[in-house]
Every structure is written in structure tokens, then in C-alpha cells.
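These notes concern the structure reproduced below.
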Protein chains: 4
Amino acid sequence: MPASPSRRSDRARTAVLDAALALVVEVPYARLTMEAIAGRAGVSKATLYRWWTSKGEVVVEALAEQNRQQSAYALPDTGDLRTDLGAVLRAIVDELADPTYDALLRALSVETLLDPRLRDQVLETIFRPQLATFADRFAVAREAGQIGDVDPLEAMELFVAPVFHRWQQGTAPLTHAYADRVAARAVKALDMRSS
Amino acid sequence: MPASPSRRSDRARTAVLDAALALVVEVPYARLTMEAIAGRAGVSKATLYRWWTSKGEVVVEALAEQNRQQSAYALPDTGDLRTDLGAVLRAIVDELADPTYDALLRALSVETLLDPRLRDQVLETIFRPQLATFADRFAVAREAGQIGDVDPLEAMELFVAPVFHRWQQGTAPLTHAYADRVAARAVKALDMRSS
Amino acid sequence: MPASPSRRSDRARTAVLDAALALVVEVPYARLTMEAIAGRAGVSKATLYRWWTSKGEVVVEALAEQNRQQSAYALPDTGDLRTDLGAVLRAIVDELADPTYDALLRALSVETLLDPRLRDQVLETIFRPQLATFADRFAVAREAGQIGDVDPLEAMELFVAPVFHRWQQGTAPLTHAYADRVAARAVKALDMRSS
Amino acid sequence: MPASPSRRSDRARTAVLDAALALVVEVPYARLTMEAIAGRAGVSKATLYRWWTSKGEVVVEALAEQNRQQSAYALPDTGDLRTDLGAVLRAIVDELADPTYDALLRALSVETLLDPRLRDQVLETIFRPQLATFADRFAVAREAGQIGDVDPLEAMELFVAPVFHRWQQGTAPLTHAYADRVAARAVKALDMRSS
DNA sequence: TTGTAAACGAGACGGTACGTCTCGTCTTAAT
DNA sequence: ATTAAGACGAGACGTACCGTCTCGTTTACAA
């Protein structure tokens with residue numbers, strides 16, 4: 001028996017991730033420091049650096065953890081894809097309007113933009129599970145003859161990209177009406193009758 | 001009218017903006033510093049801070065300047081919107097594959113995500129001119145009966161957002177074929193026959 | 001023209017040296033830190049490290065500076081070498097009994113023991129001036145026929161070494177009587193009638 | 001009876017003392033760490049701190065141990081004190097020229113300067129045995145009428161202090177000739193004919 | 001022979017200080 | 001009068017050790 005190889009403290013891990021989530025919301029992301037995370041978590045810097053090499057890593061892991069604890073949600077299914085995805089996009093719009101979620105997502109996006117390693121990690125731990133729920137709903141719609149045969153990733157992008165793009169660029173207000181229009185157009189784009 | 005209200009040195013300004021562009025490409029953006037910009041530009045830090053308060057400001061102004069110097073380009077017009085926008089998206093895909101452009105755009109996106117002031121500035125100086133060229137092409141397509149009556153901003157987002165989203169998230173390879181599929185679906189979504 | 005290559009702040013230099021002297025007395029030398037010196041001096045660590053590379057360097061410079069400001073003192077000259085050097089050794093014994101001087105000299109000795117560079121510096125700035133005053137007094141005694149022809153350095157060592165040795169080793173109490181005995185023996189050792 | 005309160009591992013003790021001696025020679029004393037001693041000895045830090053509270057303690061004990069194993073040596077006795085002590089001082093000069101002994105003695109001196117507890121320990125375990133051998137030789141010389149009645153400690157200091165002082169201060173080279181001159185002068189200082 | 005209790009190695013932990021870096025301001029010397 | 005050069009106070013960076021504290025695992029005495 002190799003016996004317990006690691007004595008990593010769960011208390012420290014949890015404290016760090018909690019502190020990171022709290023600080024990302026409180027402090028402009030550019031001013032968030034490892035020092036502050038360690039301080040807030042009541043953890044030594046050595047411990048912090050032993051397990052994470054940058055604030056980005058901490059934040060990504062914290063968000064992944066948070067994501068994992070929210071039980072995987074299924075997309076609504078009223079029978080009409082356009083209605084259902086309109087609802088999903090409205091929910092996303094609402095989330096983006098929440099300053100907390102806004103701050104978290106901006107932090108995540110910055111790290112994702114600058115570090116390919118974190119990009120991959122976010123893909124695996126956060127994006128892929130969400131894609132799976134979209135894929136399920138698309139499969140149903142496909143069998144109902146509402147859409148053609150389409151790559152679920154591309155389909156998902158068709159729906160969500162415009163909303164996130166507008167959020168990120170701030171080109172125009174993000175409203176429920178906009179969410180509905182995006183959903184309507186995307187469904188039309190995926191219609192059977194087409195190339 | 002020169003109107004030059006200040007005695008600001010154009011030499012210094014140009015040197016700073018050039019240095020910033022060069023460094024954004026050479027150095028991981030997180031490690032780009034005001035110190036390095038000043039050094040590379042042969043400008044004192046005092047001068048640098050007199051006119052810009054952060055590396056983000058410098059970078060945004062540098063990119064805006066560069067953008068301004070590229071004469072406003074019109075979108076191609078072969079008569080078929082899908083073909084034309086497919087070509088545009090392919091061109092964007094090619095640019096995104098260029099490490100230089102990639103680095104510049106990641107830097108711009110980071111600042112845009114974190115600083116609303118810079119977000120607005122990018123909107124005015126970079127985004128809006130590009131939107132105008134799209135709007136022109138959409139107007140022609142509208143008169144040709146190829147698309148319905150649609151907000152040009154929303155239409156543009158429908159085309160470009162999926163491409164930029166995939167670039168930013170790295171969800172899957174960015175190919176010409178993908179650009180074509182996005183263009184095809186977006187055109188279909190804008191088809192006359194619709195809500 | 002020296003062209004003054006440095007814009008070194010005298011305020012910072014003085015503050016650091018003062019802080020160092022104060023702390024050497026307050027804090028056990030092993031626990032004296034650059035951090036504390038910087039803090040006490042109201043100086044940034046960067047400034048501290050720009051000009052000194054270790055606490056030893058700071059302390060040695062501080063003591064050299066202090067030494068320089070005390071005007072070079074001449075040894076007493078009553079005509080009798082034994083009496084005069086007895087008085088000097090008594091004065092040294094008194095100084096060594098002063099906790100402040102004791103702490104300073106222990107710090108100096110530690111650095112001197114461990115760093116040849118600092119050893120040389122102490123030699124030049126602190127030891128050599130003191131040797132000169134001894135040498136002058138020895139020259140007078142030589143001409144008065146009280147001692148033979150002797151290397152002033154060796155003569156000085158003969159007087160002071162036993163006292164400092166006993167101070168450092170703590171072998172027995174340091175008293176005025178002991179100082180007198182050492183002076184008496186040393187004078188006898190230097191007597192004319194000799195090898 | 002609880003009796004045997006400790007099952008202290010002799011292997012660990014020996015390994016630590018050996019490691020300490022090795023490291024004192026290899027590493028500048030200021031950079032010698034408990035961590036390194038534990039590592040070199042193949043001993044856990046807990047074990048190290050269980051039995052010693054500082055590197056100084058380890059080093060002093062290691063040197064005391066080493067000293068104990070060298071059988072107590074008597075001073076030479078040719079009948080002439082000056083010759084004999086000249087030989088002893090020459091031997092000391094030779095030892096001080098040995099980098100290993102130099103490093104060990106500097107370490108010892110530093111601890112002795114800074115920690116009164118260790119100072120006393122060194123006095124008991126290292127200094128006092130050496131003093132005893134000097135005292136024996138002085139007693140013989142006293143009976144032979146070569147010197148007067150003198151405190152052996154003061155006599156010993158008279159001989160060795162100048163040599164150690166010169167070693168510590170680096171004021172001038174330590175040579176056999178210097179050793180002889182010191183011995184000659186000290187013997188003269190202890191001569192019967194005097195106060 | 002088997003408990004059992006202390007010592008052991010390994011190494012994570014909360015800390016302190018290290019020595020370096022960047023920031024944004026301020027001073028200086030030389031135009 | 002403006003500028004480069006760069007020193008400055010502030011404080012975060014990531015590392016090294018500190019001394020303490022679990023952890024299992026020997027080890028050796030006592031039952």
C-alpha cells in the first residue's frame with residue numbers, strides 16, 4: 001500500500017477558492033493580487049503558490065468548482081426550440097446584468113484570452129458541460145424535424161455568440177427582446193430547408 | 001486648422017504608439033509594462049504618464065491610429081451577399097490566424113473587457129467605422145431583396161460573433177469552411193420570409 | 001568635472017543609517033532585517049537595496065559614519081605610557097559595559113567575521129584611524145625611551161586584544177583593575193631591554 | 001519507574017552533527033539553515049527541532065563533540081616557556097590558516113558573540129579544557145622561576161588574544177614570526193621582576 | 001509475542017523576510 | 001521651459017526558511 005500520498009488541506013483549498021470568488025467581485029480584476037487572495041483566505045503565500053501559479057488559475061478553478069456544484073441543468077423543452085432557446089438567452093442576459101456574474105465572467109474571459117492552458121481548462125470544466133445540455137436539446141429538435149442535421153457546437157455558437165459579443169463589446173443594450181430576436185434568427189438559420 | 005492647443009511632441013507620441021504596437025506583439029500582454037514602452041520609445045516615463053494613464057490606453061490609441069491609417073475599406077459586392085460575407089469572414093479568419101493580429105486583438109479585448117472607458121473608445125474609433133461598411137453592404141442587399149429589414153448592428157453581429165467567439169474560446173479550429181457555413185446560416189437567418 | 005552622475009538622496013541615506021543604528025540596539029542582531037530598516041527609515045526596500053546589499057553593509061557604513069563624526073581623539077599623554085594606556089583600556093572597558101556600545105560592537109564583529117569585504121572596510125574606516133592615534137603615542141614613548149622600537153600595530157594589539165578577547169569570550173569580568181594589569185604587562189613587554 | 005524517558009536515536013544525533021560540520025565548511029555561515037542540516041542528515045525537521053533550537057546550538061554541540069573526541073593534549077615542555085608557547089602559537093596560526101578550521105571557528109565566534117547561553121556552553125566544553133592545559137604549563141614555569149605568580153587565565157589571554165585578534169580583524173598576515181614575537185613579549189610581560 | 005508509546009521520515013501548513021520588479025511621482029541636470 | 005534620466009515610496013511578486021503540526025511507520029521497552 002502506497003498509503004496516502006498527499007496531505008493537501010481541504011480547508012486551505014476551499015478557503016482560497018472562496019476568497020478568490022469574493023475578491024473577484026469586490027476588486028477590479030487588474031488589481032486582484034495573489035497577496036490579497038492569500039490574506040483573505042488566511043492562507044500563507046507559500047501554500048497558495050504550492051497549488052496555483054497565478055491568480056488566473058485560482059479564479060478558473062474557483063469558477064469550475066462553483067459550476068460543478070450547480071447540478072447540471074437541462075434546457076427547457078416546451079416542444080418549440082425557438083421558445084426554449086429564447087428563454088435560455090433571456091436567462092443569460094439576466095445573468096450578464098448581474099454585477100457579480102459580470103465581474104466573474106470578465107475575469108474568466110481575460111484569463112481565457114491570455115493563457116491557452118486556462119482556455120483549455122475552461123473548455124473542459126465549464127464550456128463542455130454546457131454544450132452537452134445544448135446538444136441534447138438540439139437532438140430532440142432534430143428528431144422533431146424542427147432543425148436540420150447540424151454540429152451542436154456550431155448551433156450553440158449561433159445562439160450564444162451574438163449575446164456574449166454584445167455583452168463584451170457593449171455595442172448596444174442587452175435586452176430580452178434582443179435575446180428573442182437572436183433566438184428566432186438562429187432557429188431560422190438552422191431550418192431544414194437549406195444547403 | 002492645426003489648432004494645436006498644446007505643445008505636445010508629435011515625435012514622442014508617435015514613438016510611444018509604435019513602441020506599444022511592437023511590444024504587444026513581442027511580449028505576453030500580461031508582462032507588457034509602461035516602463036518597457038517608455039524605454040522602447042526613448043521617452044521618459046514622466047512624458048508617458050503625462051498623456052496616458054495605463055498601458056491599455058496606449059494600446060487602444062495605437063490600434064485606433066493604425067486603424068485610421070488603413071483607408072476605410074468597402075465590403076466586396078458581387079451581387080450575392082452570402083458570397084461576399086463569406087469572403088469577409090474568410091479574411092477575418094485569416095487575420096486571426098496571424099500571430100501579430102492575434103496578439104493585438106487579445107490585448108485589445110482584455111482592455112475592452114476590464115475598462116468601460118476604453119470599451120467606448122474602441123467602439124467609436126474601431127468598431128463603428130467597420131459597422132458602417134457592413135451597413136452599406138446590407139443596404140444594397142436589402143434593396144436587392146436578398147434580406148429583410150434588419151438592424152445593421154444585429155446583422156453584423158450575426159455574422160461576426162460566432163467567428164470571434166470561436167477564436168476567443170478556442171472551441172474548435174477556425175477554417176474557411178466554417179466561415180462559409182456561418183455566412184450561409186446568417187444570410188438565411190436574415191432572409192425576407194420571416195418575422 | 002565630476003558631472004555628478006548620481007542624484008542620490010541624502011535624506012534617504014541618513015534616514016537609513018540612523019534607523020540601522022537604532023535597530024541594532026533595540027533588536028537582537030540575528031533578528032535585525034532589511035525590511036525593518038527600510039520600514040523604520042521610511043524608505044522603500046528598492047532604495048535600500050539600491051545602495052546596500054545586506055544589513056551588514058548598512059551597519060558597517062552607519063558605524064563608520066558615526067566614527068567619522070567623532071573628531072579624531074588623541075591618546076592622553078601624562079608622560080607615563082603605562083598610566084596613559086591604562087586609562088585608555090579603562091575607557092574601553094567602560095564602553096564595553098554600555099549595552100548600546102556592546103550591541104553595536106557585537107553586530108560589527110559578526111559582520112567582520114563573516115564578510116572579508118566588510119572586514120577590510122572596517123579596517124580602513126574604523127580601525128586604522130584608531131591605530132594612528134596609538135602610533136602617535138607610541139612614538140612619543142619611544143623617544144622618551146620608555147619602550148623599544150616596535151611595530152605600532154603589534155603594540156596596539158598587545159594592549160587591546162586581551163580586553164576584547166575577554167569581552168568576546170566572557171571568560172571573566174571586565175574590570176578597571178584588569179585593564180590596569182593588562183596595560184602594565186604590555187608596557188613591560190615593550191620595555192627597551194629586550195630581543 | 002518511568003525511567004528511560006527517551007528513546008533518542010543515536011543515528012539521528014550523529015547524522016545531524018556530522019551534517020552540521022560538513023555544511024559549516026561548505027556554505028557561508030549566514031546561509032547555513034536548519035532545513036539544509038536536516039536534509040543533509042536525512043533527518044526530519046521535527047526531529048531536528050526536537051533536540052536543538054537553532055543552528056547555533058547544533059554547531060556548538062558538534063564542535064564540542066569533536067573536541068571531546070580529540071584526546072586532551074598537553075602543552076610541550078622543553079623547559080623554556082617562550083619556546084614552548086611559541087610552538088603552540090605557531091600551531092594555532094597553522095590551524096587558523098586551514099580553511100576548514102577557519103570556517104568552523106568563525107561560525108563558533110558568531111554564535112558566541114550573539115548568544116550568551118552558547119557562549120557559556122563553549123566556555124565550559126571547549127575553552128576551559130584548553131585553559132587547563134595552559135595552566136599546567138604555567139605552573140611548571142612558575143616553579144622553574146621563569147614567570148611570576150599570575151592568573152593562568154590572564155596569562156593565557158596574554159598569549160592567545162593577539163593572535164586571535166589579528167585573525168579576526170585581518171589587520172596583518174598571521175605568520176610564524178609573529179607568533180614567536182607574541183610569545184616572546186608575553187613571556188617578558190610575565191617575568192618575575194615586576195609589579 | 002504482542003502491545004504501546006515515543007521517536008522517527010516526510011512534508012504541508014501559517015508565517016516572515018528575502019531580493020526583485022513595476023508602478024506612478026518627483027527631482028535633477030542639461031538642454 | 002521642456003525633457004531624459006532615473007531616484008524615490010509603495011507594495012506585489014515568487015522563493016526560501018522558519019518553527020509547528022499532522023501523518024503513517026518503525027523501534028524498543030514492558031507486559
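In this text, all values refer to a predicted model and were calculated from it rather than measured experimentally. So you know, we letter chains A, B, ... as the sequences are listed, proteins then strands, and number each from 1.
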| request: Examine the base of F/dG14 for any acceptor or donor lying under 3.5 Å from a partner atom in the side chain of A/Lys45, and report the outcome as yes or no. | output: yes

| Nearest-angstrom distance from the residue atom CZ of D/Arg8 to P of F/dC29 | 16 Å

| query | Between D/Thr33 and A/Ser54, which is nearer to the 5' end of DNA chain F once each is assigned its nearest nucleotide? | reply | A/Ser54

| Does A/Thr47 have a side-chain nitrogen or oxygen under 4.0 Å from the phosphate oxygens OP1 or OP2 of E/dA12? | no

| Taking only side-chain nitrogens and oxygens of D/Trp51, does any of them come within less than 4.0 Å of OP1 or OP2 of F/dG19? | no

| task | Would you mind telling me which of F/dA4, F/dC13, E/dC13 lies closest to the side-chain atoms of A/Glu35? | result | F/dC13

| Nearest-Å distance, CD (D/Glu57) to C1' (F/dG19)? | 14 Å

| message | If you assign each of D/Leu32 and A/Tyr49 to its closest nucleotide in DNA chain F, which residue comes earlier from the 5' end? | response | A/Tyr49

| query | Is C/Ser44 near enough to F/dC8 that one of its side-chain N or O atoms lies under 4.0 angstrom from OP1 or OP2? | reply | no

| Whole-Å distance separating the CG atom of D/Leu48 from the P atom of E/dA10 | 13 Å

| task | Tell me which nucleotide among F/dA4, E/dG24, F/dC8 gets nearest to the side chain of C/Ala12. | result | F/dC8

| When all nucleic acid strands are considered with a 4.0 Å heavy-atom cut-off, which category describes C/Arg13: base, sugar-phosphate, or nothing? | nothing

| query | On DNA chain E, nearest-nucleotide positions of A/Asp10 versus C/Met34: which is more 5'? | reply | A/Asp10

| query | So, is D/Arg50 near the phosphate of E/dA7, with a side-chain N or O under 4.0 Å from OP1 or OP2? | reply | no

| Can a side chain N or O of C/Arg7 be found less than 4.0 Å away from OP1 or OP2 on F/dC8? | no

| query | How long is the line joining NZ of B/Lys55 and P of E/dC23, in whole Å? | reply | 7 Å

| said: Under 3.5 Å, is there a donor on one side chain and an acceptor on the other for A/Gln121 and A/Thr125? | reply: no

| Within 45° of the axis and under 6.0 Å from the centre of the six-membered ring of C/Trp51, does NZ or CZ of C/Arg13 qualify? | no

| remark: For C/Met34 and C/Val58, the nearest pair of non-hydrogen atoms, with its separation, is SD-CG2, 4.3 Å

| Heavy atoms under 4.0 Å, any strand shown: does B/Arg31 hit a base, just sugar-phosphate, or nothing? | nothing

| task | Please determine if B/Glu111 and B/Arg106 form a salt bridge, counting it only when a charged side-chain N lies under 4.0 Å from a carboxylate O. | result | no

| task | Measure from the side-chain heavy atoms of C/Ser9 and tell me the nearest of E/dG24, E/dC13, F/dC8. | result | F/dC8

| message | Within the 4.0 Å heavy-atom criterion, would you say B/Ala46 contacts the bases, only the backbone, or no part of the nucleic acid? | response | base

| task | Establish, for the pair A/Arg8 and A/Trp52, whether the NZ or CZ atom is under 6.0 angstrom from the six-membered ring centre and no further than 45 degrees off its axis. | result | yes

| Where the side chain of A/Arg11 is defined as all heavy atoms beyond and including C-beta, which of E/dC13, F/dG14, E/dC18 is the nearest nucleotide? | E/dC13

